[in-house]
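Since the model is a prediction, treat every value here as computed from it, not as a measurement.
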Amino acid sequence: MAKFLLLIAVSLCFAAEAWVKGIAQDVHDGDTFKLKEGGQVIKVRIFGIDAPETDQAYGQESGKALRALIEGKEIRLRIENKDRYGRTVGEPWLGDSLNISLWMLQNGHAWWYKSYSKKRTDFEDAEKEAKAQKLGLWEGEKPTAPWDHRKQPKKKGGKKNKK
């Protein structure tokens with residue numbers, strides 16, 4: 001009986017999705033922004049994508065694209081979890097129809113972060129299509145993935161080497 005009750009409790013937790021709504025502000029880069037919800041500000045890491053760092057090729061453009069799309073607008077955020085930096089990881093939506101994670105991938109502004117969203121074949125398909133059309137970061141010959149860029153040694157002053 002106890003196992004049955006535990007199973008029901010766990011099922012209910014997974015069935016109920018957590019959503020918040022707020023105004024997007026302070027877009028840091030192509031995958032991080034702040035969401036003002038009432039008097040609270042939530043630092044958001046966008047689920048399923050990894051955008052170029054601000055100090056790498058296409059990093060500034062990726063941030064500008066996200067900023068132009070969402071800054072000052074109402075966002076609905078489906079919360080996934082918290083990351084190791086304390087940011088809320090979530091899948092943001094503009095209105096009821098524009099999935100921002102998917103839009104960033106479709107337009108070549110970010111990579112599909114498959115290690116955290118393996119089951120999202122829609123994300124995989126969007127990245128493949130942007131790559132085939134050479135959109136955004138895919139215009140370059142061999143763009144460096146952000147996870148590889150972060151592994152590069154840093155220069156003095158905190159900037160990373162550009163190899």
Response to the item:
When rounded to the nearest 0.5 Å, the distance separating CZ of Arg76 from NZ of Lys21 is 7.0 Å

Discussion item. What I'd like to find out is whether the side chain of Gln40 reaches to under 4.5 Å of the side chain of Ile42, using heavy atoms alone.
Written reply: yes

Fill in: Euclidean distance, Glu127 CD relative to Leu102 CG, rounded to 0.5 Å
11.5 Å

Discussion item. So that I can tick it off, tell me whether Asp26 and Lys36 are bridged by a salt bridge, with the cut-off set at under 4.0 angstrom between side-chain N and carboxylate O.
Written reply: no

Item to complete: Report whether Trp112 and Leu135 are members of the same hydrophobic cluster (ILVMFWY, side-chain heavy atoms less than 4.5 Å apart, transitive linking).
Response: no

Practice prompt. Answer whether the closest heavy-atom distance between the side chains of Lys114 and Glu124 falls below 4.5 Å.
Written response: no

Worksheet entry | Aromatic ring proximity, centroids under 6.0 angstrom, Trp111 and Trp138 | yes

Worksheet entry | Arg45 bridged to Asp50 by N-O distance under 4.0 Å | yes

Practice prompt. For Lys73, look at atom NZ and say whether over 12 heavy atoms of other residues, nucleotides or ligands are found less than 6.0 Å away.
Written response: yes

Practice prompt. Please answer: with hydrophobic residues joined when any side-chain heavy atoms are less than 4.5 Å apart, are Leu105 and Val27 in the same cluster?
Written response: yes

Practice prompt. State the CG-CD distance between Asp148 and Gln56, to the nearest 0.5 angstrom.
Written response: 9.0 Å

Worksheet, complete the sentence: CD of Glu61 to CG of Asn107, rounded to nearest 0.5 Å, is 14.0 Å

Worksheet item: What do the steps show when you test Lys128 against Lys131 for side-chain contact (heavy atoms from CB on, under 4.5 Å), and what is the final call?
Response: CA-CA 5 Å; Lys128 283 180 183 175; Lys131 194 173 187 178; 5.7 Å; no

Discussion item. Applying a strict under-4.5 Å side-chain criterion to I, L, V, M, F, W and Y, I'd like to know whether Ile75 and Val20 cluster together.
Written reply: yes

Fill in: Point-to-point distance, once rounded to the nearest 0.5 Å, from CD1 of Ile23 to CD of Glu37
11.0 Å

Worksheet item: Are Val44 and Phe123 co-members of a hydrophobic cluster defined by side-chain heavy atoms under 4.5 Å apart?
Response: yes

Item to complete: Treat each ILVMFWY residue as a node, draw an edge where side-chain heavy atoms are under 4.5 Å apart, and state whether Ile79 and Ile70 are in one component.
Response: yes

Practice prompt. To the nearest 0.5 Å, tell me how far Phe33 CZ sits from Gln25 CD.
Written response: 10.0 Å

Fill in: Heavy-atom side-chain proximity of Arg120 to Glu91 below 4.5 angstrom
yes

Fill in: Worked verdict on Asn81 versus Phe47 for side-chain contact (heavy atoms from CB on, under 4.5 Å)
CA-CA 9 Å; Asn81 54 41; Phe47 171 76; over 6 Å; no

Worksheet item: Side-chain contact, heavy-atom cut-off 4.5 Å: Asp31 with Met104?
Response: no

Discussion item. Taking the side chain as everything from C-beta on, heavy atoms only, tell me whether Gln106 gets closer than 4.5 Å to Glu129.
Written reply: no

Fill in: Non-hydrogen side-chain atoms of Trp103 and His109 separated by less than 4.5 Å
yes

Worksheet item: Has the side chain of Gln60 got a donor or acceptor atom that lies under 3.5 Å from a matching backbone atom of Thr54?
Response: yes

Worksheet item: Which pair of heavy atoms, one from Pro92 and one from Gly90, lies closest together, and at what distance?
Response: CD-O, 3.2 Å

Discussion item. Within the 3.5 Å criterion, strictly below it, is a donor on Thr88 or Lys43 matched to an acceptor on the partner's side chain?
Written reply: no

Response to the item:
Nearest heavy-atom approach of Ala51 to Pro146 is O-CG, 3.1 Å

Practice prompt. Please tell me if the side chains of Lys82 and Val89 come closer than 4.5 Å, counting only heavy atoms from C-beta onward.
Written response: no

Worksheet item: Can you find a heavy atom in the side chain of Asp29 that is under 4.5 Å from one in the side chain of Ser62?
Response: no

Worksheet item: Quick one: which of Ile49, Leu77, Leu69 gives a side chain to side chain contact (heavy atoms under 4.5 Å, CB included) with Ile100?
Response: Leu69

